[in-house]
Asks: 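Can you keep this structure in mind? I'll have questions shortly.
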Number of protein chains: 2
Amino acid sequence: MGVMGDRTEPRWLSDGEQHVWRSYLHATTLLEDHLDRQLQRDAGMPHVYYGLLVQLSQAPRRRLRMTELAKSAKITRSRLSHAVARLEKNGWVRREDCPSDKRGQFAQLTDEGVEVLRRTAPGHVAAVRQAMFDRLSPEQVEQLGTIMRVMAEGLEPAGPDADLPWLR
Amino acid sequence: MGVMGDRTEPRWLSDGEQHVWRSYLHATTLLEDHLDRQLQRDAGMPHVYYGLLVQLSQAPRRRLRMTELAKSAKITRSRLSHAVARLEKNGWVRREDCPSDKRGQFAQLTDEGVEVLRRTAPGHVAAVRQAMFDRLSPEQVEQLGTIMRVMAEGLEPAGPDADLPWLR
DNA sequence: GACCCGTTCTTGAAAGTTGAACTATGTAGG
DNA sequence: CCTACATAGTTCAACTTTCAAGAACGGGTC
C-alpha cells in the first residue's frame, strides 16, 4: 500500500461489520446519554464532571495536579480548566497552589464534594449495573473487558508509534 | 428490595466489574475523540454530523423527515435543527417542505453533500477499521455485536417498560 | 366553525467543548 | 546571567449541545 495518494478501492465494511459498528454506536450513545441525564438529574453535573470527582476521591489527599487529572480523565487541559471552574463554583472542588512548582495547581475534592459523591454514587452504580452488568453473562463481561482493552491499546495517545504510523 | 428509600448498602461493582467498566469508558471515549478529530480535520464536521449525512445518503431520494432523521441518529429534534442549519450553510443539506404535512420538513442531501461523503468516507472507514476490526478476531467482533445489542435493548427509549421500572 | 390536544419543528439563552493564543514558570546550555 | 525552549495552566472566540419555550399545523369533538 502506498503512503499517500492511494487510489485503490478502500476496504469497505462487510455487512456483518457494518451491523456490529452500528450496534456499537447505538449502544454507546444510548448509554452515554442515559448516564448524562441520570447524573444531571441526580447530581447536577454531566458524566465527565462526575468522573473528575471520582478520580479525585481516589487520589492521595483527595487531590491531583491539573495535568494528571486531565490525563486520567482523558480530557484536554482546557476542558479541565472550565470544568474545575464550574465545580469550584459548586463548592465541590478547591484549587490549591503547588508549593514546589509555582505554575502548578492542585484540584482538591472538598468535604462537600465527598458528600455529593456519597449521596449520588449508589444511583450511578445502579444505572451502570442495570445497563451493563445485570444484562450480560459473566463470560460476556469478560469478553467485553478484553475487547475494550484491545481497542484502547490501539488508540492510546502517544502509544507505540501512535504518531508515527509510517514507521510501522 | 424496597421501591424507594432503600437504605440497604448498594451493590457496588466488584473489582473485576470496575476494571471492565473503566476499560469500557477508556476505549469508548478514546475512539469517539479519535473519530471526532479525524472527521473534523478531513471533513470539517464532527462525527454526529457525518452520521447525519450517511443516514441521508442511504434514504430513498436521499432525504428524510426531520423527526425520522433525529430518531435514526438518536439525537433530539432541537439538536438536529441546529445541526441541519449548519450543514445547510455548508451546502451539504437542503431543507424542503413536506407537501402532505405543512409542519413537516425534509432534510435532503445535496450533490455537494454526496461529494463530501465520497471524498471522506474512505478515510473514515479506515479509521474505524484500524481502531476496531483490524484489532479484533472474528470471534471478538461477533461477541462485541451481541454484547452491544443486549446493552442497547436495555436502554431503548420507550422500550419494554423503560419508563415504568416499578412495574417490573 | 370553535375548541382542545398532540405533533412537528424552530428559536434563544445558558452550559459545555475545542483549538489556538497567551501568561507565567521551570530547565538546560552557553 | 542570558537566551532558548519546554511545561502548566488559563483565556478567548467559535462552535456545539441542552433545555425550556414557542409558533404552526393536524386531527379529533362538540
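As the structure is a computational prediction, the values presented were derived from the model and not from experiment. Each chain gets a letter, A, B and so on, in the order the sequences are listed, and its residues count up from 1.
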Asks: If you round to the nearest 0.5 Å, how far is CD of A/Glu115 from CH2 of A/Trp92?
Replies: 11.5 Å
Asks: Assign B/Arg41 to base, sugar-phosphate, or nothing according to its heavy-atom contacts below 4.0 angstrom with the strands shown.
Replies: nothing
Asks: For C/dG19, does either OP1 or OP2 sit under 4.0 Å from a side-chain N or O belonging to B/Arg37?
Replies: yes
Asks: Between C/dT17 atom P and B/Asp36 atom CG, what is the distance in whole Å?
Replies: 13 Å
Asks: Whole angstroms only, please: what is the CG-P distance between B/Asn90 and D/dT16?
Replies: 9 Å
Asks: Quick one: B/Arg77 CZ to D/dT18 P, roughly how many Å, whole number?
Replies: 14 Å
Asks: Take atom CD of A/Glu142 as the centre, draw a 6.0 Å sphere, and report whether it contains more than 12 heavy atoms from other residues, nucleotides or ligands.
Replies: no
Asks: Rounded to the nearest Å, what distance is computed from the NZ atom of residue B/Lys89 to the C1' atom of nucleotide D/dA14?
Replies: 11 Å
Asks: Is any side-chain N or O of B/Arg65 closer than 4.0 Å to OP1 or OP2 of C/dC9?
Replies: yes
Asks: Please tell me which of A/Gly104 and A/His82 maps to the more 5' nucleotide of DNA chain D, matching each residue to the nucleotide holding its nearest heavy atom.
Replies: A/Gly104
Asks: Just call it for A/Thr67: base, sugar-phosphate, or nothing, with non-hydrogen atoms closer than 4.0 Å on any strand.
Replies: sugar-phosphate
Asks: Would you kindly check whether a donor in the side chain of B/Thr76 faces an acceptor in the base of D/dC19, or vice versa, at under 3.5 angstrom?
Replies: no
Asks: Output yes when at least one side-chain N/O atom of A/Arg86 is less than 4.0 Å from OP1 or OP2 of C/dG16, else no.
Replies: yes
Asks: Closest nucleotide of DNA chain D for A/Arg103 versus for A/Arg95: which of these residues is on the 5' side?
Replies: A/Arg103
Asks: For a quick test of reading the model: is some side-chain N or O of B/Arg79 closer than 4.0 Å to OP1 or OP2 of D/dT18?
Replies: yes
Asks: Report which part of the nucleic acid A/Phe106 touches: base, sugar-phosphate, or nothing (heavy-atom distance under 4.0 Å, all strands).
Replies: nothing
